[in-house]
Every structure is written in C-alpha cells, then in structure tokens.
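The structure appears below as structure tokens.
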Amino acid sequence: MSELRRRPLPHDFHPPVASFSVTSPDFQDGGALPEAQVHAGGNRSPELSWSGFPEGTASFAVTCYDPDAPTGSGFWHWVLFDIPASVTELPAGAGGADGAGLPAGAVRVRNDYGTRDFGGAAPPPGDGPHRYVFTVYAVDSEKLGPDENATPAQVGFMLRFHAVGRAQLIAEYEVPAAG
C-alpha cells in the first residue's frame, strides 16, 4: 500500500490539542508490531506508559485502531476510557479478557472483533502493511460520559470534544500473500 493511498489516522480531523509522550518497551514508534500483539500470536496488549500530559488532565483514554483495514471504516482493536489521572501506565496484558490488569474505574467497550479485550493485529494476507495506532488521550473530565455499551465511534465522538492532549505510537504489521 503506497503512502499516498493510506487512510487518515483516527484523530486527523479533530481539533489540535497538546501533545505528550507515550512509550512501550514492546515496540518502537514506526517499527514492526511484534508477534505478541498479533491476534494469531500472543494476542496480548502491549505495555504502555505516558508522561508530559497537560495540566488539568482528569482522566485518560487508550485506543488501538487500524486505519488500513479493508472495511471503509478501519478496525478498532481496543478502546478504554475513564482511566484515572493518577494512572500513567498499563502493564503488558492489561487488555486481557478478564480486565484484571486495568485500573479500577476503567471502562472497556466492544472492539470490532465483538469483544471488550485487546484484539491483536490480523490483516488479510497480501493486503500490505497495516498501521496499528495506539493513542493515549488526556481527557478534561473524570468520566467521559459513555458506558460500556458505547461503540468505538461514540467514544471517538466524545474524545473529539473532551481530549486536551494526545500521544500516539504507531507500529506496522503485515501478513504476506500465500505463495
């Protein structure tokens, strides 16, 4: 997939907000997504930690989105919000089905796999590299508003109006065409 044909990132059309840092020991920004974060591999959410967020941040939201999925609307792999402002990291595996690694109060909504856990990368064979955009949003309120029955689009809508900062890590993964 050429750079010119790539779809926009989920926040390209949101108002500008402060930027801050998010890092992961599991992969580098712009690097390859490891097998641990692949659906058929480890299917495990990466460790994420963030810093430098704006003063007045009242909570955080974390998403993982594939804008390159051949759906016309991308593919949401993970959506959480209402993470307390005192939390500045999620351990690897926090996105497991039981939610045991998540901080108290965090809300998870269904991803495009139809589950509330982290769903790893699974691009179609031969579709080229897909970008997996891990975004941490600094939010201006303790509670974003939606509940666990919201869709990723509803959460994105609320983040459009309540994000005061944003940090992202992007990794790529592709499955070669069967040969």
Inter-residue atom distance [X].[atom1] - [Y].[atom2], 0.5 Å rounding:
{"X": "Asp147", "Y": "Gln154", "atom1": "CG", "atom2": "CD", "value": "8.5 Å"}
{"X": "Asn43", "Y": "Asp117", "atom1": "CG", "atom2": "CG", "value": "7.0 Å"}
{"X": "Arg110", "Y": "Glu148", "atom1": "CZ", "atom2": "CD", "value": "11.5 Å"}
{"X": "Asp127", "Y": "Asp68", "atom1": "CG", "atom2": "CG", "value": "8.0 Å"}

Tell me whether [Y] is reachable from [X] by hopping between hydrophobic residues (I, L, V, M, F, W, Y) whose side-chain heavy atoms are closer than 4.5 Å.
{"X": "Tyr137", "Y": "Leu90", "value": "no"}
{"X": "Val133", "Y": "Val22", "value": "no"}
{"X": "Val17", "Y": "Val62", "value": "no"}
{"X": "Ile83", "Y": "Val139", "value": "no"}
{"X": "Tyr132", "Y": "Leu48", "value": "yes"}

Exercise. Check whether the side chains of Ser49 and Thr23 place a donor and an acceptor atom closer than 3.5 Å, and report yes or no.
Key: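 Thr23 and Ser49 do have a side-chain donor-acceptor pair below 3.5 Å.
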
Quiz prompt | Polar contact flag, side-chain donor to acceptor under 3.5 angstrom, Gln37-Tyr173 | solution =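 Judged by distance alone, the side chains do not pair up.
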
Nearest non-hydrogen partners of [X] and [Y], listed with the distance:
{"X": "Lys143", "Y": "Gly105", "result": "NZ-O, 4.3 Å"}
{"X": "Val155", "Y": "Leu144", "result": "CG1-CD2, 3.9 Å"}
{"X": "Gly95", "Y": "Ser45", "result": "N-OG, 2.8 Å"}
{"X": "Gly156", "Y": "His14", "result": "O-CE1, 3.8 Å"}
{"X": "Ala69", "Y": "Asp66", "result": "N-OD1, 3.2 Å"}
{"X": "Val38", "Y": "Ala121", "result": "CG1-O, 3.4 Å"}

Self-check item: is_close_aromatic(Phe60, Trp50), centroid dist under 6.0 Å
Solution: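 So the answer is yes for these two rings.
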
Would you indicate whether [X], at its atom [atom1], is surrounded by more than 12 heavy atoms from other residues, nucleotides or ligands within a distance under 6.0 Å?
{"X": "Arg166", "atom1": "CZ", "value": "yes"}
{"X": "Arg116", "atom1": "CZ", "value": "yes"}
{"X": "Gln28", "atom1": "CD", "value": "no"}
{"X": "Phe157", "atom1": "CZ", "value": "no"}

Practice problem: Please test Ser51 against Phe20 for side chain to side chain contact (heavy atoms under 4.5 Å, CB included), starting from the C-alpha separation and ending with a verdict. | Solution: CA-CA 6 Å; Ser51 62; Phe20 58 99; over 6 Å; no

Should [X] and [Y] count as side-chain neighbours, where that means a heavy-atom distance under 4.5 Å?
{"X": "His11", "Y": "Phe13", "value": "no"}
{"X": "Asp140", "Y": "Ser59", "value": "no"}
{"X": "Glu47", "Y": "Pro25", "value": "yes"}
{"X": "Phe134", "Y": "Ile170", "value": "no"}
{"X": "Arg160", "Y": "Pro15", "value": "yes"}
{"X": "Val109", "Y": "Asn149", "value": "no"}
{"X": "His130", "Y": "Pro70", "value": "yes"}
{"X": "Pro67", "Y": "Arg6", "value": "no"}

With a 3.5 Å cut-off and sequence neighbours excluded, list the donor-acceptor pairs that the side chains of residues 71-81 form with protein atoms.
unit_1, atom_1, unit_2, atom_2, d
Thr71, OG1, Ser73, N, 3.0
Thr71, OG1, Gly74, N, 2.8
Thr71, OG1, Gly74, O, 2.7
His77, ND1, Gly119, O, 2.6
His77, ND1, Gly120, O, 3.3

Practice problem: Take Leu9 and Gln168 through the side chain to side chain contact (heavy atoms under 4.5 Å, CB included) test and state the conclusion after the steps. | Solution: CA-CA 10 Å; Leu9 296 175; Gln168 72 178 19; 3.9 Å; yes

Exercise. Could you walk me through whether Leu102 and Arg108 pass side chain to side chain contact (heavy atoms under 4.5 Å, CB included), step by step?
Key: CA-CA 9 Å; Leu102 296 176; Arg108 316 182 289 166; 3.1 Å; yes

